[in-house]
Amino acid sequence: MGAVPSTPRWSGARPQDTAEYLIATFVGEKSFPVSSDFWQKLLELPLNLQWPPHRVRQACELFARNNYDTRHLAKILIHLAWCLQESLSTPGAPSVVYGKTLNALYISSIFLKYLVENAKTNKIEELYLSLDESEPTLADVTQGQTIEDFLMHAVLRFIGSIDVSPDTYVLHLELLNFMLIAMSTQLLSGPSPGLKDVNPFIDAAMAPVESSLVILAVRKLLLNYVARSPLNIAPYSIFPEGSQPGVLQKVGSAAANIVLLPFNYLLSSSGEGSRSPLADCSLHVLLILIHYRKCVVENEFITDQSDDTAASDSNLKQNTCFSDNPFCKALVNATDVEFDRLDTEAIVHNGPVLRLPFASLFDTLGICLADEAAVLLLYSLLQGNSDFLEYVLVRTDLDTLLMPLLEALYNAPKRSSNQIYMLLIILLMLSQDSSFNASIHKLILPNVPWYKERLLHQTSLGSLLVIILIRTVQYNLSKLRDVYLHTTCLATLANMAPHVHRLSSYASQRLVSLFDMLSRKYNKLAELRGNNWHLAKGNSIEENGLADDTSTEMHIYTDFLRLVLEILNAILTYALPRNPEVVYAIMHRQEVFQPFKNHPRFNELLENIYTVLDFFNSRMDAQTTDGEWSVEKVLQVIIVNCRSWRGEGMKMFTQLRFTYEQESHPEEFFIPYVWQLVLSRGALSFNPGAINLFPADPPSERQSNYDMVPNSQANGELERAVFLDA
């Protein structure tokens, strides 16, 4: 640590010197037994050092060299657990108890983070979470548990049992920050969980002594998120008068670059984070916990070297087994606190059931969906918890969720591709319910202020959803060129189609324009394939490959065009009398269908469209009018004849229903994705060079909205998650 200060006398020494001495001793070569009074002196003194970053780094480096002999990390973690237990056992714990706990958190966080971030291997042996032989047996110290088990159980019990108040706010926040650091060992592992991964703290959290501990912790984390308690700097009674730490008066705050006090949020954050750091940190911790998977069995077997690599990888994944995640299970089985359940239900769930205020959670998510982490929480709830999905579907104010969700999609250029995917999958999941598809057309929006291309007055929520989905397809076609994003958008539209009611004129026009846009792309590919076919006659490998690529893309766009025709067919077959604007849009642009009328892949689907066109064109021809036809006159004729429409001559096709099913190994997407969100929000900084979980750019190259993986791989495990049920 450079020049270690000389040892001052305990009595009469300046507090600055005493704190300096204690930290120097903590990182030094001398080992103090876990029962030594040194630890009480370290934790009871105000840590108000103002060290520059280089000194903090020197202290961390010295600590890392000596920790094998001193085991001081293990000992400070034991004392942290004891402090948390003391806080729990002392009703209305005095400020000195909270102060000791906070000091233990600060010291543990800084040095633990350094050791994790600078681990030489992903097995992080450098932590040395054990006591040497000269110490009392570990069973006597930690009640028969490992140090990490002993600590994490104390952490979870404190979070779940102690209410957030002005006295405990900082302690709760720093405890959650500590959990982020402790669980950051995941960043050292690869994207696919394996048997060799070592995550001692999060593994300890996954194996609590009591199942109720998990229930209490998950409930408190979600209640913290719902409450969104504003940062109240006013009195923190855990600090003695005049000794509140300042922004820089913390050991290692600058060098470790971790948020140790909420003051930092005011200086470095904006938006939601600055208003409620506890809520944001609670959400980050919860998302990490519920998406964690620990590999417990991995049957490796020899494959023929000539086998395709992807096939070999697939075989390996199919033989991977993961232990149960109690946090995920608690969230999946959570019920609404307002809905009375029979006492026998606890038996069904094999233990206590998490009960949450669904109404408050629904409203909070509606407020916070501009945040990517909130979108992931909503996805996790809808995908895993059938009770919450049912609750959302019966709400009459679906615009509370859908409007911010659609606004986020509207601003797709500002969003990461992963966030766009999450938003679209949420819509796909909701569209699987027929009552949802019907109710969104009954909810009329007075205006949509964030939609700039056109004034939308008195538009139904369903019409707006159609408009935004088509707009997303257009954006994807020009920018992302992601096949699976196309598929998800069109799948949602297909689910909605039979239930469309009074689709607006603008939405109807966009639907027909979607077919026109895809058909022009298809025609360009057909022309290109013709040229490539002539080039490929030279038998050049490169030219043959180009022809194959074009042919593959043509097949994709053929499927897209068929899907749009299926959507139009569903509207015309099941909902034509209620949608005169759709009929008008098809009549107005009927020429776009003509080139495909005799196409073998499209002619069957176009028969119904031409049956409708023939019916209404003949009614138009039978009308006499003074002067030219106006839009209003044409629409009036359509409305009148919609009443007499009986669907004669229409072919009945089986309704397409698209459902979303999570990929069999979602952890390969979600674990890296969650950690990317945590790092991008500034909740935790980490050396990019040490991250193996996902490709990480150096800080100077990192973008504000970077993807978890390069665009060519951005869809990860989600890209095969949409299934067709014909």
More than 12 heavy atoms from other groups under 6.0 Å of CG on L455:
no

Charged tip of K597 within 45° of F602 ring normal and under 6.0 Å:
no

Within the 3.5 Å criterion, strictly below it, is a donor on H599 or Y522 matched to an acceptor on the partner's side chain?
yes

Indicate yes or no for a side-chain donor-acceptor contact from N603 to the backbone of F596 under 3.5 Å, with no hydrogens or angles considered.
no

Does the side chain of Q432 come under 3.5 Å of the side chain of T659 through a donor N or O and an acceptor N or O?
no

Less than 6.0 angstrom separating the ring centers of F593 and Y610, yes or no?
no

N/O donor-acceptor pair under 3.5 Å between S463 side chain and T459 backbone
no

Find out whether N385 and Y391 are in side-chain contact, i.e. whether some heavy atom of one side chain is under 4.5 Å from a heavy atom of the other.
no

Is the number of heavy atoms from other residues, nucleotides or ligands under 6.0 Å of R395 CZ greater than 12?
yes

With a 4.5 Å limit on heavy-atom distance, are the side chains of H291 and E667 in contact?
no

In this structure, CD of E338 is separated from CZ of R355 (nearest 0.5 Å) by 9.0 Å

Take R415 and E372 through the salt bridge (Lys or Arg N to Asp or Glu O under 4.0 Å) test and state the conclusion after the steps.
CA-CA 9 Å; R415 309 293 176 185; E372 196 167 351; over 6 Å; no

d(I586 CD1, I571 CD1) to nearest 0.5 Å is 7.5 Å

Flag, side chain of T400 to backbone of D397, donor-acceptor distance under 3.5 Å:
yes

What is the ring orientation for H486 with Y557, classed by angle as parallel under 30°, tilted 30 to 60°, or perpendicular over 60°?
perpendicular

Can you confirm whether L427 sits close enough to L409 that some side-chain heavy atom of one is under 4.5 Å from a side-chain heavy atom of the other?
yes

In terms of heavy-atom contacts, P498 and Y574 come closest through O-CB, 3.9 Å

Between the main-chain N or O of T472 and the side-chain N or O of N476, is there a donor-acceptor pair closer than 3.5 Å?
no

Rounded to the nearest 0.5 Å, what separates atom CG in L514 from atom CG in L568?
8.5 Å

Closest non-hydrogen atoms of L503 and E581, given as atom of the first, atom of the second and distance, are O-CB, 3.4 Å

Under 3.5 Å, is there a donor-acceptor pair between the side chain of Y410 and the main chain of K452?
yes

I'd like to know if D324 pairs up with R293 as an ion pair, taking the criterion as any Lys NZ or Arg NE/NH1/NH2 lying under 4.0 Å from an Asp or Glu carboxylate oxygen.
no

Answer yes or no: is there a side-chain heavy-atom contact under 4.5 Å between V214 and L289?
no

Quick check against the 3.5 Å criterion: does Q590 have a side-chain atom that pairs as donor or acceptor with the backbone of M587?
yes

Which residues satisfy the salt bridge (charged side-chain N to carboxylate O under 4.0 Å, His left out) test with D614, sequence neighbours excluded?
none

Are R589 and Q509 close enough that a side-chain donor and a side-chain acceptor fall under 3.5 Å?
no

Mutual orientation of the aromatic rings belonging to F669 and Y673 [parallel < 30°, tilted 30-60°, perpendicular > 60°]
tilted

Judged by modelled atom types alone, do Q662 and Y379 share a side-chain donor-acceptor pair under 3.5 Å?
yes

For S508 and S505, does a side-chain donor sit closer than 3.5 Å to a side-chain acceptor?
no

Looking at V512, is its backbone amide N or carbonyl O close enough to the side chain of D516 to form a donor-acceptor pair, meaning the two atoms are under 3.5 Å apart?
no

Heavy-atom check, side chain of I470 versus side chain of M517, under 4.5 Å
no

Can you check whether L565's main-chain N or O pairs, donor with acceptor, with N569's side chain at less than 3.5 Å?
yes

Residue pairs fulfilling salt bridge (charged side-chain N to carboxylate O under 4.0 Å, His left out) with at least one residue in residues 456-476, sequence neighbours excluded:
E453-R471

Using a 3.5 Å distance criterion without hydrogens, assess whether the side chain of N411 forms a donor-acceptor pair with backbone atoms of K414.
no

R502 backbone acceptor or donor facing N579 side chain under 3.5 Å:
yes

